[in-house]
Amino acid sequence: MAMEKNLWKHIQSVKLQSPLVHNITNYVVMNNTANALLAVGASPVMAHAKAEVRDMVAIAHSVVINIGTLDEYWSEAMLLAAENAHSFGKPWVLDPVGAGATSFRDGILHKLLQFKPTVVRGNASEIIALASASVTPTKGVDSTAASSEAITAANSISAQYNTVVCVSGATDIITYGRQRILIQNGHPLMTKVTGLGCSASALIGASIGVVENKTEATAAAMALLGIAGELAEKEADGPGSLQLKLLDKLYNLSEDEFNNHIRISEQ
């Protein structure tokens, strides 16, 4: 139970400290991401202009870089944000959306990794592609591999860049050093709502902004989203209402609900 208590404490830390999370994310998910951050008590900012990236990183608690709708200008802003997060010692999350799909995308990811993200979160196909392992090509931003297939790739990325790696799927796998945490929360209907993986990365950004143990911070965010999704699905009629119910549950999830539904283990 010690792990569960720690994770709930981390979730409360976000509410109490309201970290400023600087997102350079994609057009598709900006609204969802900002609302998810607000629901858990964080303060989102979406700043993409190269002229202000350095100043924004300086005042933020953390940075989230999501390459979903990548272009030449935004890629430069992302690299500036990653470089400054690294130089300022600010924790940052890399969401390698669509890794392996194009050489342009992979080239930007290679450059971003040089700035040692605190956490990398992606689906199995993205994590495998990021580690340059052989895999069926990424199908858009949907995973074509199970999270368990990406464990070797995740361990490789974690060791090479000294980063926490989170492989999201039916089972979320979080790995760092010799520690591996498995979380089996969530619901298949969540895959029918665009950008919930991106929301996961943003919530991780909020968590690592205020929590010292970055592995536990990542687990807290993933467990929170998974449990909120499970409970929201019980009241939802489909993906549209799931989005609304999920935001509500991120906002009002109780400690009892968290403790009664979390399915977590360590290896």
Side-chain angles (χ1 to χ4, degrees), residues 3-15 19 21 23 29 32-33 36-37 39-42 62 64 66 91-97 117-124 126-127 143 146-148 150-151 154 157-158 163-176 179-191 193 195-233 242 246-247 249-251 253 255 257-267:
M3 171 70 80
E4 288 90 331
K5 281 186 177 178
N6 282 346
L7 299 192
W8 182 251
K9 185 177 73 178
H10 298 332
I11 290 165
Q12 297 313 299
S13 293
V14 172
K15 285 193 174 181
V21 184
N23 300 265
V29 304
N32 314 48
T33 299
L37 285 167
V40 301
S62 60
V64 177
N66 174 312
W92 72 281
V93 181
L94 174 62
D95 189 331
V97 180
T118 312
V119 180
V120 174
R121 189 222 60 87
N123 64 41
E126 290 162 348
I127 296 300
S143 183
S147 54
S148 58
I151 291 173
I157 294 166
S158 181
T163 182
V164 177
V165 178
C166 175
V167 188
S168 57
T171 298
D172 299 319
I173 301 168
I174 299 158
T175 185
Y176 181 70
Q179 188 175 19
R180 187 181 299 158
I181 299 171
L182 307 182
I183 299 172
Q184 293 179 298
N185 289 107
H187 190 276
L189 188 60
M190 294 172 73
T191 64
V193 177
L196 285 189
C198 305
S199 293
S201 295
L203 297 186
I204 291 169
S207 195
I208 64 173
V210 295
V211 175
E212 193 62 37
N213 185 321
K214 306 309 182 190
T215 309
E216 283 190 5
T218 302
M222 295 304 294
L224 173 60
L225 184 66
I227 294 168
E230 271 182 39
L231 296 177
E233 187 277 334
L242 178 67
L246 178 57
L247 272 181
K249 194 47 68 177
L250 285 174
Y251 179 75
L253 186 75
E255 185 174 5
E257 286 175 320
F258 184 81
N259 290 334
N260 291 337
H261 289 88
I262 190 168
R263 293 190 294 281
I264 191 169
S265 59
E266 289 189 81
Q267 290 185 346

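Computed over heavy atoms, backbone and side chain alike; hydrogens, waters and symmetry mates excluded.
- The environment of Glu212 atom CD is sparse: at most 12 non-hydrogen atoms of other residues, nucleotides or ligands sit within 6.0 angstrom.
- Considering all non-hydrogen atoms of both residues, Asn213 and Glu216 come closest at OD1-N, 3.0 Å.
- Of all non-hydrogen atoms in Thr163 and Pro117, the two that sit nearest each other are OG1-O, 2.7 Å.
- The distance from the CE atom of Met222 to the CG atom of Leu7 is 12.5 Å, given to the nearest 0.5 Å.
- The backbone N or O of Ala154 lies less than 3.5 Å from no partner atom in the side chain of Ser158, so there is not a single donor-acceptor pair.
- Counting heavy atoms from C-beta outward, Trp8 and Leu253 have side chains that approach closer than 4.5 Å.
- Ala232 meets the side chain to side chain contact (heavy atoms under 4.5 Å, CB included) test with Leu242, Lys245, Leu246; sequence neighbours excluded.
- Of the inter-residue distances, the one linking Phe258 atom CZ with Lys5 atom NZ reads 13.0 Å to the nearest 0.5 angstrom.
- Side-chain contact between Ile181 and Met3 is present, with at least one heavy-atom pair separated by less than 4.5 Å.
- Note that the CG atom of Leu225 and the OG atom of Ser199 stand 6.5 Å from one another [nearest 0.5 Å].
- Looking at Thr118, its side chain does come within 3.5 Å of a backbone N or O of Trp92 through a donor-acceptor pair.
- In this structure, the separation between OH on Tyr176 and OG1 on Thr218 is 11.0 Å, given to the nearest 0.5 Å.
- Shown here are the side chain to side chain contact (heavy atoms under 4.5 Å, CB included) partners of Ala206, two or more places apart in sequence or in another chain: Val14, Pro19, Val21, Leu37, Ala42.
- In this structure Ser201 satisfies the side chain to side chain contact (heavy atoms under 4.5 Å, CB included) test together with Val64, Val93, Asp95, Arg121, sequence neighbours excluded.
- Atom-to-atom distance recorded for Ile174:CD1 and Ile204:CD1 is 7.0 Å, nearest 0.5 angstrom.
- Pairing each heavy atom of Met190 with each of Leu196, the nearest pair is O-CD1, 3.5 Å.
- For Glu257, the side chain to side chain donor-acceptor pair (under 3.5 Å) partners two or more places apart in sequence, or in a different chain, are Lys249, Ser254.
- When all heavy atoms of Ala221 and Ser207 are compared, the pair lying nearest together is CB-CB, 4.4 Å.
- Screening residues 222-231 for side chain to side chain donor-acceptor pair (under 3.5 Å) gives Asn185-Glu230, Glu230-Arg263 as the qualifying pairs, with residues at least two apart or on separate chains.
- Residues satisfying the side chain to side chain contact (heavy atoms under 4.5 Å, CB included) test with Gln267, not counting sequence neighbours, are Arg180, Leu182.
- Looking at heavy atoms from C-beta onward, Ile208 lies out of side-chain contact with Val164 at the 4.5 angstrom threshold.
- Here CD1 of Ile151 is found 8.0 Å from OG1 of Thr175. Values are rounded to the nearest 0.5 Å.
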